[in-house]
Asker: 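One structure is given below, represented as structure tokens, and several questions about it will come after.
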Amino acid sequence: MNQRDPLKRVLYIDLSRKSFWIDDRVDLFERWLGGIGVAVQLFKEEAPKNIEPLSPENPVIFSIGPLTSLYPLASKTVALFKSPLTGNLGESHAGGRSAIAIRLAGYGAIIIKGASQLPLYLVIKEGEVEFRDGSALWGISNANTVGRILREAAIGRGIRTIMRIGKAGEKLVSYAAVITETYRHFGRLGLGAVLGSKKVKGIIIYGKHSIPIQDKKKYREIYDRLYRLAVGSDAMKRYHDLGTAINILPLNYIGALPTRNLNSSRFEGAEEICGENIAEKKLARRVACAHCPIACIHIASIREPYPDEPYFYKTTFISYDHELLYSLGSMLGVKKIDDVLRLIDTVEAMGLDAISTGVCLAWATEAYKRGIITINETLVELDWGNIDNYIQVIKYIVEQPNDFYGMLARGTREASKHYGGQEFALNFGGNEMPGYHTGYGAIIGYSIGSRHSHLDCAGYRVDQTIKEPPSPEEFVELLIKEEEWRQILNSLTICLFARSIYNVENIIEALKPLGYNYTEEELKKTGEEIYFEKQKLKLKLGFKPEELKIPSRVFETPTPHGLLKREYIEEALQHYIKLIEYKTLQ
Amino acid sequence: MYVSSHEVKRLAILDAERCVGCQLCMFACSRRFGDGGLAKSAILVRSVGGIERGLTVIVCRACLDPPCARVCPTDALKLRKHGGVFLDQTKCIGCRNCVEACDIGAVFWDYETNKPIICVHCGYCSQFCHYKVLGVEKTI
Ligand code: SF4
Ligand code: SF4
């Protein structure tokens, strides 16, 4: 790498001592590129033994990569922490301006450790960290309001990131999110709760550095090529036009859209809540993450009248995508656009992860209908599509007025362990299911993926391209290969929507003018190594692959590949365990 | 390749409503000098108090009687023929008067050289604006 590149600088922030320092970690960035590759190593250093997720010892690591801010679409920040939801490794990615701001403030990674006694927010600039009193912000009921206040409080309009937690983070809900730039999130696995436990309400990062380039001529050439590829690509069209919401109808058509807690894989309201219909009726604007021409963020507007005065309206802008329309739409039997959007708005205001929240509501609804839990627990009646009550329940999850909500705030795994209904508690390794019931690939992927997310190894995509599944062993190996390669994308913090643009050749070319000479083999090898380093860390933090449980609902509701067989998935998991044990012992 | 300023061209904001806030224009402007980042950008795209309220593009509008030039104590800002100014780096003493004088906030500051960043209306940024917010117009 270019020795003048500030990427190698790591900012350490100790909340307990209110101190900070900067280290030159060229060793890590040379060896592990950046992003997830470097974050795993930093985490290992910071947490040499196992730790509690909500303790001051849990470090939060943000990292970005060498391509960030230099090429389009390398716009993600990786966050690594121990997850209060799964009880092991927590990894979440977000875009917005976060990655660019970290890079141009002159850092490759930021580590936040310790905990503050009093609420605070951090203002991070080049070579400077302010610890500002956040008492007045703590407890504000709407996370959007917090964003507005922070916007006024700091410099750097247009070139800064404002991360914040909502009330869910303060109240330590295991799936609380961190919101950045209003519409982007470190959504999954509970980073919001970890920051809440440290009393960090917000983080503002500002920077305007230049990044020195070794080969300026070549850099511009490759930039232009990647730019043209990006704006001419299919991904561009697909994600800009309708966004991921484009998936609702096709998934419904093939019978892969989880509906009413996966009692069905087809939703009769799909035509109403699909991307096409929302775009036509409600789309207000499309916006982009910094340095991304695709602009996939779709924002709808809804207008609600105030009951007390005629012609007086409140207009709310709400961003939506496939996962939200699934988890707060089909999964809950919500059939009207405005209703789904209102649920999304509530989840945003509270600062929760939308997928986990939706799946928790779905589990609770089914448990309630089956009489496993009663109104004594839920305090309101639960029924598919009853959104007024769902809004109330979301607020209860945050406030936790009784033991039941205290449990539900810890996710479907914990709640069902306590109350029953594990067979229809749709989580994998403790993380709630994403919106694809496409076949074996999806289920194996959720189970063995490091984040228990569809994005780890994209099994749901494989399902949609193959006719017949290969043997369970082959399937696992194929998915691990994909996850290994994605470690490179996630170390360079390239948006996964751009994975077809950033193929191996283009990545090698893009790295050259920055002073990296990789061969295809070396790059793939590095991906493999990062994957196993991460798996090792996951095991160290308490992950027990032999305890992975697949909820039986998965086998009762058909997929496009028919009803799934438990034996097939058990075999796949056995094979995964064997591979992991073999590799991590090496 | 970036072409040096041409007297007959002027950067124009064709329709700010179409802006998606990707900031590719800002990165392009800074890239004119070969490095990455945003230190040299003469254009800023930011939200109007939160992305939900829309975006605004701030860039030199090539005033015919530019206030920035009027307040420069060393005459480092020279008038361009059809509006806007050139910066003579050698004369500039880094006093920031021009920054204060520009009502639309389109004179930015280069913290690395301690000099203002002045748009030269080259139009390079517009080549990376996929949404046709930016364009180049002829000035006659
Ligand atoms: S016209 Fe040239 S100098 Fe002006 S903002 Fe665009 S790229 Fe920068
Ligand atoms: S390149 Fe165009 S769309 Fe993107 S921020 Fe600049 S003006 Fe807006």
Side-chain angles (χ1 to χ4, degrees), chain A residues 5-6 67-72 75 96-97 100 103-104 106 126 144 147-148 151-152 156-160 181-184 207-213 215-217 219-220 223-224 227 230-231 236 240 284-295 297 299 301 315-319 514, chain B residues 1-3 15-59 105-106 108-115 117 124-134:
Chain A
D5 191 328
L67 305 188
T68 305
S69 125
L70 297 183
Y71 291 105
S75 43
R97 290 198 206 103
I100 305 287
R103 182 90 161 106
L104 299 187
E126 195 206 339
N144 293 328
R148 266 180 216 165
R151 269 200 291 277
E152 298 306 317
R157 299 180 76 174
I159 47 174
R160 65 185 175 197
E181 283 68 80
T182 314
Y183 296 121
R184 299 285 85 192
K208 221 186 140 189
H209 242 280
S210 24
I211 309 291
I213 303 288
D215 186 343
K216 296 184 167 53
K217 186 161 167 273
Y219 164 55
R220 261 208 308 234
Y223 186 102
D224 291 359
Y227 171 72
V231 295
M236 174 79 191
H240 177 69
R285 68 173 84 241
R286 283 171 289 192
V287 295
C289 292
H291 216 162
C292 169
I294 292 187
I297 307 166
I299 299 174
S301 71
T315 305
T316 317
F317 294 93
I318 301 153
S319 84
L514 315 183
Chain B
M1 187 63 200
Y2 144 74
V3 258
D15 185 355
E17 289 300 317
R18 296 175 63 114
C19 178
V20 298
C22 67
Q23 303 191 325
L24 259 78
C25 50
M26 294 164 58
F27 285 98
C29 181
S30 222
R31 211 166 50 245
R32 289 176 300 149
F33 304 98
D35 282 333
L38 289 174
K40 317 279 177 210
S41 182
I43 178 167
L44 175 70
V45 176
R46 64 162 173 83
S47 71
V48 200
I51 293 165
E52 63 274 28
R53 287 159 195 232
L55 294 143
T56 171
V57 183
I58 303 167
V59 68
F108 298 95
W109 201 250
D110 182 342
Y111 292 91
E112 297 176 348
T113 58
N114 205 30
K115 300 262 147 83
I117 309 167
Y124 189 58
C125 52
S126 69
Q127 293 175 31
F128 295 89
C129 179
H130 184 68
Y131 296 96
K132 303 192 181 74
V133 174
L134 303 173

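Atoms considered below: every heavy atom in the structure, side chains included; atoms not considered: hydrogens, waters and symmetry mates. Letters go in sequence order (proteins before strands), and every chain restarts at 1. Note that the structure is a prediction, hence the values are computed from the model and not measured.
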Asker: Among all residues two or more places apart in sequence or in another chain, which pass the side chain to side chain donor-acceptor pair (under 3.5 Å) test with A/S69?
Answerer: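 Expected list: none.
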
Asker: Between B/R46, B/R31, B/Q23, which shows the greatest number of heavy-atom pairs under 4.5 Å with chain A?
Answerer: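 With the most close heavy-atom pairs to chain A, the winner is B/R31.
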
Asker: Most heavy-atom pairs under 4.5 angstrom with chain A, which of B/S47, B/G54, B/S41?
Answerer: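 With the most close heavy-atom pairs to chain A, the winner is B/G54.
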
Asker: How far does OG of A/S210 sit from CG of B/L38, to the nearest 0.5 angstrom?
Answerer: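 Going from OG on A/S210 over to CG on B/L38, the span is 9.5 Å.
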
Asker: Please confirm whether B/F128 and A/Y223 have ring centers closer than 6.0 angstrom.
Answerer: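 Yes, they do, as the ring centres are separated by less than 6.0 Å.
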
Asker: With rounding to the nearest 0.5 angstrom, report the CD1 to CZ distance, A/I211 to B/F27.
Answerer: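 If we round to the nearest 0.5 Å, A/I211:CD1 and B/F27:CZ are 9.5 Å apart.
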
Asker: Any idea which heavy atoms bring A/I159 and B/L44 closest together, and the distance?
Answerer: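 The pair with the smallest heavy-atom distance is CG2-CD1, 4.3 Å.
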
Asker: Which atoms of B/C129 are under 4.5 Å from chain A, going by heavy atoms: the side chain, the backbone, both sets, or neither?
Answerer: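 For B/C129, the contact with chain A is made by the backbone alone.
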
Asker: For a side-chain contact (heavy atoms from CB on, under 4.5 Å) check, start with the C-alpha distance between B/Y131 and A/H240, then their side-chain angles and the critical distance, and finish with the verdict.
Answerer: CA-CA 11 Å; B/Y131 296 96; A/H240 177 69; 3.3 Å; yes

Asker: Looking at A/K208 and B/W109, would you say the former's side chain and the latter's main chain have a donor-acceptor pair under 3.5 Å?
Answerer: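 Here the side-chain-to-backbone pair exists.
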
Asker: If we define contacts as heavy-atom pairs under 4.5 Å, which of A/F317, A/Y227, A/Y71 has the most with chain B?
Answerer: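 Looking at each option in turn, the highest pair count goes to A/Y227.
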
Asker: Please flag which part of A/I318 lies under 4.5 Å from any non-hydrogen atom of chain B: side chain, backbone, both or neither.
Answerer: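 It is neither, since no heavy atom gets under 4.5 Å.
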
Asker: Does any backbone or side-chain atom of A/R103 lie under 4.5 Å from a heavy atom of chain B? Answer side chain, backbone, both or neither.
Answerer: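 It is neither, since no heavy atom gets under 4.5 Å.
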
Asker: Quick check on A/R285 against chain B: is it the side chain, the backbone, both or neither that has a heavy atom closer than 4.5 Å?
Answerer: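 The side chain, not the backbone.
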
Asker: Of all of B/C25, B/C19, B/G34, B/A28, which one pairs up most often with chain A through heavy atoms under 4.5 Å apart?
Answerer: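 Among the listed options, the one with the most contacts to chain A is B/G34.
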
Asker: Closest approach of B/V20 and A/R286, non-hydrogen atoms and distance?
Answerer: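 Of all heavy-atom pairs spanning B/V20 and A/R286, the closest is CG1-O, 3.3 Å.
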
